[in-house]
Amino acid sequence: MSLNSTLAAVTDRIIARSETTRAAYLERMRAASGKGPARAHLSCSGQAHAYAATGPDQQTLAEASKGHLGIVSAYNDMLSAHQPFETYPVLIRDAVRKAGGTAQVAGGVPAMCDGVTQGEAGMELSLFSRDTIAMATGVAMSHNVFDAAVYLGVCDKIVPGLVIGAQAFGHIPAVFLPAGPMTSGLANDEKAHIRQKFAAGEIGREELLKAEMAAYHGPGTCTFYGTANTNQMLMEFMGLHLPGSSFVNPGTPLREALTVEGAKRALSLSALGNNYTPVCDVLDEKAFANGIVGLMATGGSTNLLIHLIAMARAGGILLDWQDFAELSDAVPLLARVYPNGLADVNHFHAAGGLGYMIGELLQAGLLHPDTRTVAGEGLELYTQEPFLTEDGLTFRPGTGQSLNDAILRPADAPFQKSGGLKRLTGNLGTAVIKVSAVAKEHHVVQAPARVFHDQEEAKTAFKAGELTGDVIVVVRFQGPKANGMPELHSLTPFLGIMQGRGQKVALVTDGRMSGASGKVPAAIHVVPEALDGGPVSRIQDGDLVRLDAVKGTLEVLTEGALEREPATADLSAHQHGTGRELFSLFRRSVASADEGASVFGV
């Protein structure tokens, strides 16, 4: 199948736009590759420090090795998705030792749980934690003694941060090792229903807590298709996971075998062998275009509209929201996973999963087939699935047909002919909206605005019975410069209640929504943000606002509204407490959402 013309045109535009910055990045990586790891050039004292705690590997490192593997881990047991990583270093060391190599934990990176911090002050550190993770990765790898690296991370900001950090050492091969989703618990739609009942005051906290603990009940990633599982999808589409490894449950023999194989594979890709595959060659313009296609075809998290831009810039590649919009128009929606449907990621995996989807998109010409991956040359390798035999781990062709067409469909009979994300432009600025879970009758909302400066104000107004008619809820001063751009997930239950009552309702914000949001139309990531004097800062209660996801517009229709002086907000309460004072430099220097909301330059 020939390459889809839109995919070809968008990729060519990305390549042309990035020509100067990408060339400069690759020149730095080639220079670093030529120098190689400094292990052999360290002073005797430096080598002794580096090897002192390696036990049986100490002499091997001092003499010669078939490769030294760095492990960068986001392990903690605050995140169910990351708890399995506790045992990975032992598995990895044993695996590479048997292959004649050595391995060390180079360092740990922070990893916060957005599920814990939703609606709390800690959420204002969440987005900035991505760049902190990238910097911590740089510190871990700065010892410059490694021939290759494995990165252990799953959740929201963690994988993007690790990818950004890994690209600073882009001359070194990198394999990302996932932990997999927890087994299915309370159905996600039932959990959402109970949350709405609690928001409406129909049940108490005891019943709510019981339901939440039945949903989030064990080790592994949360099973809805939010940011964490979108990250895992991207790592396969972009060639940094082993094929079929993203959604294998923790604590299973297959999961352990994939971890062992991933470690050995990383070692085999180093410059010491004949299959040198640095991460700078894996993450090229085609790989990022493939990642955007995967995002659209699966209806993935809106957070990746920020993270993919920041990840790409770390390798000198310049993406913009227009790239996402054009690919969204060309890529069909092939999956229905909660919140876009009733299935969870375990059901999706059982129905054929990423291997089936990649195969369908390749046959339709909607993916670049000729990318380099950690599994080898060509994305066709990712149509395979792993399985165990008496002889160990092997890969076989995945299913050629969906095993449940209520969850996963072929490219010629999709759920929707276009992808799950839209770009909005108009006199209120530029924003994005996820429409894959929004019913068509809600794709256009025109209603009076009700303006708030944080989500608690909006929730208070709802509880007071003030939001009874058609309304576009505007929550501003939530951008990266204002307060770190927290997710506004706690708005979802009451907005859903309002929509369920028959009200026309939408959200407009310069903040973020969780990858778990979906059924209520939400124009998010609005730029310029209110703190920069963006048009959203001029809206007042009662102004007529129109959100049109069909035409891709976001406008205030009230005459003279944009001629007002911009509103201001007292943000002093967001400057201190729960660690927020430590990130004042980030708030002052962060780029806008459409540039990746990063503190790093290109």
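Predicted, not measured: the structure shown is a model, and the values here were computed from it.
Rounding to the nearest 0.5 angstrom, the gap separating the CG atom in L554 from the CG atom in N427 is 8.0 Å. M357 contributes atom CE, which lies 11.5 Å from atom CG of L366 (distance to the nearest 0.5 angstrom). Rounding to the nearest 0.5 Å places CG of D323 at 12.5 Å from CZ of F288. Between S537 atom OG and H453 atom NE2 the span is 8.5 Å, to the nearest 0.5 Å. Atom CG of L354 sits about 12.0 Å away from atom CE of M235, to the nearest 0.5 Å. Rounding to the nearest 0.5 Å gives a distance of 3.5 Å between CE of M123 and OG1 of T117.
In the displayed structure, L342 atom CG is contacted under 6.0 Å by at most 12 heavy atoms of other residues, nucleotides or ligands. No more than 12 heavy atoms of other residues, nucleotides or ligands shown are found within 6.0 angstrom of CD on E206. Applying the 6.0 Å contact sphere to CZ of R501 captures more than 12 heavy atoms from other residues, nucleotides or ligands. Few gaps surround CD on E441; more than 12 heavy atoms of other groups in view lie less than 6.0 Å from it.
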- Take E595 and R313 through the test side chain to side chain contact (heavy atoms under 4.5 Å, CB included) and record every step on the way to the result. CA-CA 9 Å; E595 294 180 342; R313 285 183 171 230; 4.0 Å; yes

Evaluate side chain to side chain contact (heavy atoms under 4.5 Å, CB included) for I306 paired with M485, printing each intermediate quantity in order.
CA-CA 11 Å; I306 296 175; M485 205 179 190; 3.8 Å; yes

- Message: side chain to side chain donor-acceptor pair (under 3.5 Å) for S126 and D114? Distances and angles first, verdict last.
- Response: CA-CA 7 Å; S126 176; D114 287 3; 3.0 Å; yes

Report task. Go through the steps to decide whether H525 and R512 satisfy the test side chain to side chain donor-acceptor pair (under 3.5 Å), and finish with yes or no. Result -> CA-CA 6 Å; H525 306 173; R512 294 183 295 131; 5.8 Å; no

Next on the checklist: Run L557 and V545 through side chain to side chain contact (heavy atoms under 4.5 Å, CB included) and show every step you take.
Outcome noted: CA-CA 6 Å; L557 304 180; V545 175; over 6 Å; no

Run the side chain to side chain contact (heavy atoms under 4.5 Å, CB included) check on L562 and V556 step by step: do they pass?
CA-CA 8 Å; L562 298 181; V556 58; 3.8 Å; yes

Let me see the working for E236 and Q232 under side chain to side chain donor-acceptor pair (under 3.5 Å), right down to the final yes or no.
CA-CA 7 Å; E236 288 207 33; Q232 302 314 291; over 6 Å; no

Set out, in order, the CA-CA distance, both residues' side-chain angles and the distance that settles salt bridge (Lys or Arg N to Asp or Glu O under 4.0 Å) for R476 and E529, then state yes or no.
CA-CA 8 Å; R476 64 191 180 193; E529 66 174 282; over 6 Å; no

**Prompt:** Can D548 and Q446 be said to form a side chain to side chain donor-acceptor pair (under 3.5 Å), step by step?
**Reply:** CA-CA 8 Å; D548 189 332; Q446 181 173 307; over 6 Å; no

>> Using the rule given for ring-ring contact (aromatic ring centres under 6.0 Å, His included), can you reason through F586 versus F128, listing the C-alpha separation, both sets of side-chain angles and the distance that settles it, and then say yes or no?
In response: CA-CA 7 Å; F586 281 53; F128 292 149; 5.4 Å; yes

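Between the R130 side chain and the L127 main chain, no donor and acceptor come within less than 3.5 Å of each other. A donor-acceptor distance shorter than 3.5 angstrom exists from the side chain of W321 to the backbone of L305, with no hydrogens or angles considered. A donor-acceptor pair under 3.5 Å links the side-chain atoms of N231 to the main chain of V154, judged by distance alone. Looking only at distances, a side-chain donor or acceptor of N229 sits under 3.5 Å from a matching main-chain atom of C222. Checking side-chain atoms of T227 against main-chain N and O of N303 turns up no donor-acceptor pair under 3.5 Å. In this structure a side-chain-to-backbone donor-acceptor pair under 3.5 Å is missing from T223 to S184. D570 places a side-chain N or O within donor-acceptor distance of the main-chain N or O of S572, the cut-off being under 3.5 Å. A donor-acceptor distance shorter than 3.5 angstrom exists from the side chain of Q167 to the backbone of M311, with no hydrogens or angles considered. Judged by distance alone, with hydrogens and angles left aside, the side-chain atoms of R22 form a donor-acceptor pair with the main-chain N or O of G315 at under 3.5 Å. Of the possible donor and acceptor atoms, one in the side chain of N76 sits under 3.5 Å from a partner among the backbone N and O of A111.
At least one side-chain heavy atom of V432 sits under 4.5 Å from a side-chain heavy atom of I524. By the 4.5 Å heavy-atom criterion applied to side chains, V293 and L7 are counted as neighbours. Side-chain contact between I472 and L507 is absent, with no heavy atoms from C-beta onward closer than 4.5 Å. Between L361 and F237 the shortest side-chain heavy-atom distance falls below 4.5 Å. Looking at heavy atoms from C-beta onward, H489 lies out of side-chain contact with M513 at the 4.5 angstrom threshold. Contact of the L421 side chain with the I433 side chain is not registered, since no non-hydrogen atoms from C-beta on lie closer than 4.5 Å. Looking at heavy atoms from C-beta onward, V474 lies out of side-chain contact with T509 at the 4.5 angstrom threshold. Residues Y338 and D344 have side chains not in contact (no heavy-atom distance under 4.5 Å, counting atoms from C-beta outward).
Judged purely by distance below 3.5 Å, without hydrogens or angles, the side chains of Q499 and Q503 never pair a donor atom with an acceptor atom. For the 3.5 Å distance criterion, the side chains of K422 and S328 fail to qualify, holding no donor opposite an acceptor. T11 and E285 share no donor-acceptor pair across their side chains, judged by distance under 3.5 Å alone. If you check the side chains of T230 and S301, you find no donor sitting under 3.5 Å from an acceptor. Between the side chains of E581 and Q575, no donor-acceptor pair of N or O atoms lies under 3.5 Å. Side chains of Q455 and S490: a donor-acceptor N/O pair is present below 3.5 angstrom, by distance only. Between the side chains of D454 and Q478, no donor N or O sits under 3.5 Å from an acceptor N or O. A donor atom on one side chain and an acceptor atom on the other are not found under 3.5 Å apart for D329 and S418.
Look at D320 and R17 and you find a salt bridge, because one of the NZ, NE, NH1 or NH2 atoms lies within 4.0 Å of a carboxylate O, short of that distance. A salt bridge does not link R538 to D543: none of the charged nitrogens lies less than 4.0 Å from a carboxylate oxygen. A salt bridge does not link E360 to R409: none of the charged nitrogens lies less than 4.0 Å from a carboxylate oxygen. The residues R546 and E555 are annotated as not salt-bridged, no charged nitrogen and carboxylate oxygen being separated by less than 4.0 angstrom. Ion pairing of K459 with E456 is present here, as a side-chain N (NZ or NE/NH1/NH2) and a carboxylate O approach within less than 4.0 Å. Looking at D541 and R450, a side-chain N of the basic residue comes within less than 4.0 Å of a carboxylate O on the acidic one, giving a salt bridge.
A side chain to side chain contact (heavy atoms under 4.5 Å, CB included) with L234 holds for exactly one of L308, T298, V163; it is L308.
Taking all atoms of both residues into account, the shortest heavy-atom contact from P528 to V536 is O-CG1, 4.3 Å.
Using cut-offs of 30° and 60° for the angle between ring planes, the H349 and F247 rings count as perpendicular.
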